[in-house]
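Everything below concerns the one structure shown next.
Order of the sequence lines sets the chain letters (A, B, ...), proteins ahead of strands, with each chain counted from 1.
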Number of protein chains: 2
Amino acid sequence: MDDMTPLPLWRRVSEDIVARIVNGALRPGVMLPSEIDLGREMGVSQGTARRALRDLERRGIVERRQGRGTVVAIRTPETDHFHFFRLRHADGSEAQPMLASETLQRRRSTAAERAALGSETKYVYALDRIRSIGGKRIVREFSVVPVLLFPALEDRIPLPNALYAFWQDAYGIAIQKADERLRAVRADAADADAMDVAEGDPLIEVTRQAVDLSDRIVELRRSRYVTDDLAYTISLR
Amino acid sequence: MDDMTPLPLWRRVSEDIVARIVNGALRPGVMLPSEIDLGREMGVSQGTARRALRDLERRGIVERRQGRGTVVAIRTPETDHFHFFRLRHADGSEAQPMLASETLQRRRSTAAERAALGSETKYVYALDRIRSIGGKRIVREFSVVPVLLFPALEDRIPLPNALYAFWQDAYGIAIQKADERLRAVRADAADADAMDVAEGDPLIEVTRQAVDLSDRIVELRRSRYVTDDLAYTISLR
DNA sequence: CAGTGGTCTAGACCACTCA
DNA sequence: GAGTGGTCTAGACCACTGG
């Protein structure tokens, strides 16, 4: 598993900054040193510091603006939510979901959850939410997160619409990517009860694993979408 | 629409190379000049030529290997097909689809097709395919492409499994990205007839627009997937 | 062994931002 | 006007590839 060759200098610089973000020394919105200063601090040239910052920018971890500087990226409800929430109208515009209901439960983890989240995950929070768009309830989400990573989550109820922005803000856990599997399923009785859909209607079910900056799986999520008026939209490159 | 600032030097270099690929002067698999030679040819430094090549590599247009050189990327049936064909087994492994049937028809374009493919698209080829995986017919694909871009396509029947690799090879049209919209639908009588699925069963329907290196929409595709054993798999970053 | 891309440095000029 | 990132140059050394 180990790589014989050491990491390039620029990568060590960028990983050092990631580590500072993960351990909380750098918080979202904070200004980073300039390329020249960063290079001096780390004992590398400006070009190398520049490359590290460019790497972080490409990964969406920092934001750079000419004349202004480099700041740790903030996951706002806008940027964050719409990046990981893929339902769009027919014209491609973003859908504005509202939270219709929310329940949070603390319980023992299942074997499958421990397999994905790590064996130290004895307890989890199970968060069930229903979202409506344009007055129609068309999304059910079942999220599972380790209690260890999100202590005292029940005290924060009601949770904000955009979970990932909240996690970064309140727990310092930043989502890097989400791996998803989509399948078509029939709405069951519970779906018909919770959403504006008839039992037996086709839904898209999305199973997601959300991965943070430390490459840990920090959330398991299963979502069910009614796709009558909105579609799940992606771009393959 | 126009940008006041001129393109950076490195971008002009990379766009020049893209143009050479588009017009056929550079074909897939061909070796590019080294960074130093390219810089000399274009009157820029090695660093700038390097940046242009890195840009092309990031966009998947060329492949670079230390010690070997830079070549125009080849869309092989493996690399290409599995990039744009997202069905995966439960363990994440790639599914091996077989072509179960194929029909090609030349006809006038519809108004909707002209809106997407360009008003000069008077005629299109409509390609309908059924794919099977593990002996089960679980994919229907309806592709529409302009006759102008793919002349004499009927002479190439049967078309290979991986369409995009074939297009690049036979017509010099390289797919850069594909924008997709996913919805859950019920299998109709034609689906039940063509695939191993019962009428009314839930399917995922994917509507795709494929875009080439010149930013033209060159294909409209509608696919229907049975997701009992396989799931549509993506990664959001 | 010659040639390639990967990394790294040092320095220059420019465009942009903000006080 | 001082400071930032964006671009560009010129040159160095290294690791890898292939004959």
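- Rounded to whole Å, atom C1' of C/dT7 lies 14 Å from atom CG of A/D55.
- Among D/dC8, C/dA15, C/dT4, the nucleotide with an atom closest to any side-chain atom of B/Q66 is C/dT4.
- Spacing between atom CG of A/L53 and atom C1' of D/dG6 amounts to 13 Å, rounded to whole angstrom units.
- Aromatic pair A/Y125/A/F150: centroids not less than 6.0 angstrom apart.
- Phosphate contact (OP1/OP2 of D/dT7, side-chain N/O of B/T48, threshold under 4.0 Å): absent.
- A close approach under 4.0 Å does not occur between any side-chain nitrogen or oxygen of B/R64 and OP1 or OP2 of C/dT4.
- In this structure, CD of A/Q46 is placed 13 Å from P of D/dT7, rounded to the nearest angstrom.
- Under the 4.0 Å criterion applied to side-chain N and carboxylate O atoms, B/R222 and B/E113 are not assigned as salt-bridge partners.
- At least one side-chain nitrogen or oxygen of B/T70 sits closer than 4.0 Å to the OP1 or OP2 atom of C/dG5.
- Ion pairing between a basic and an acidic side chain is recognised when a charged N comes within 4.0 Å of a carboxylate O; B/D55 and B/R51 show no such pairing.
- Of the side-chain N and O atoms in B/R68, one or more sit less than 4.0 angstrom from OP1 or OP2 of D/dG18.
- Contact between the side-chain N/O atoms of A/R50 and the OP1/OP2 oxygens of D/dG6 is found at a separation under 4.0 Å.
- A/I36 places its CD1 atom 19 Å from the P atom of C/dC8, with the value rounded to the nearest Å.
- The 5' end of DNA chain C is approached more closely, in terms of each residue's nearest nucleotide, by B/G69 than by the other of B/G69 and A/L9.
- To the nearest angstrom, P of C/dC18 lies 7 Å from CZ of A/R65.
- For B/R64 and B/T70, the side-chain atoms include at least one donor-acceptor pair closer than 3.5 Å.
- Residue whose closest nucleotide on DNA chain D sits further toward the 5' end, between A/E57 and A/G67: A/G67.
- Between B/R51 and D/dC8, a side-chain N or O to OP1/OP2 separation shorter than 4.0 Å is absent.
- Rounded to a whole Å, the CE atom of B/M42 is 16 Å from the C1' atom of D/dT9.
- At whole-Å resolution of the value, CZ in B/R54 and C1' in C/dT7 are 9 Å apart.
- Of the listed nucleotides (C/dG6, C/dC8, D/dA10), C/dG6 has the atom at the smallest distance from the side chain of B/E35.
- Atom P of nucleotide C/dG5 and atom CG of B/L56 are separated by 13 Å, given to the nearest angstrom.
- Considering A/Y171, A/F84, A/F82 as possible partners of A/Y164, the one that fulfils the ring-ring contact (aromatic ring centres under 6.0 Å, His included) test is A/F84.
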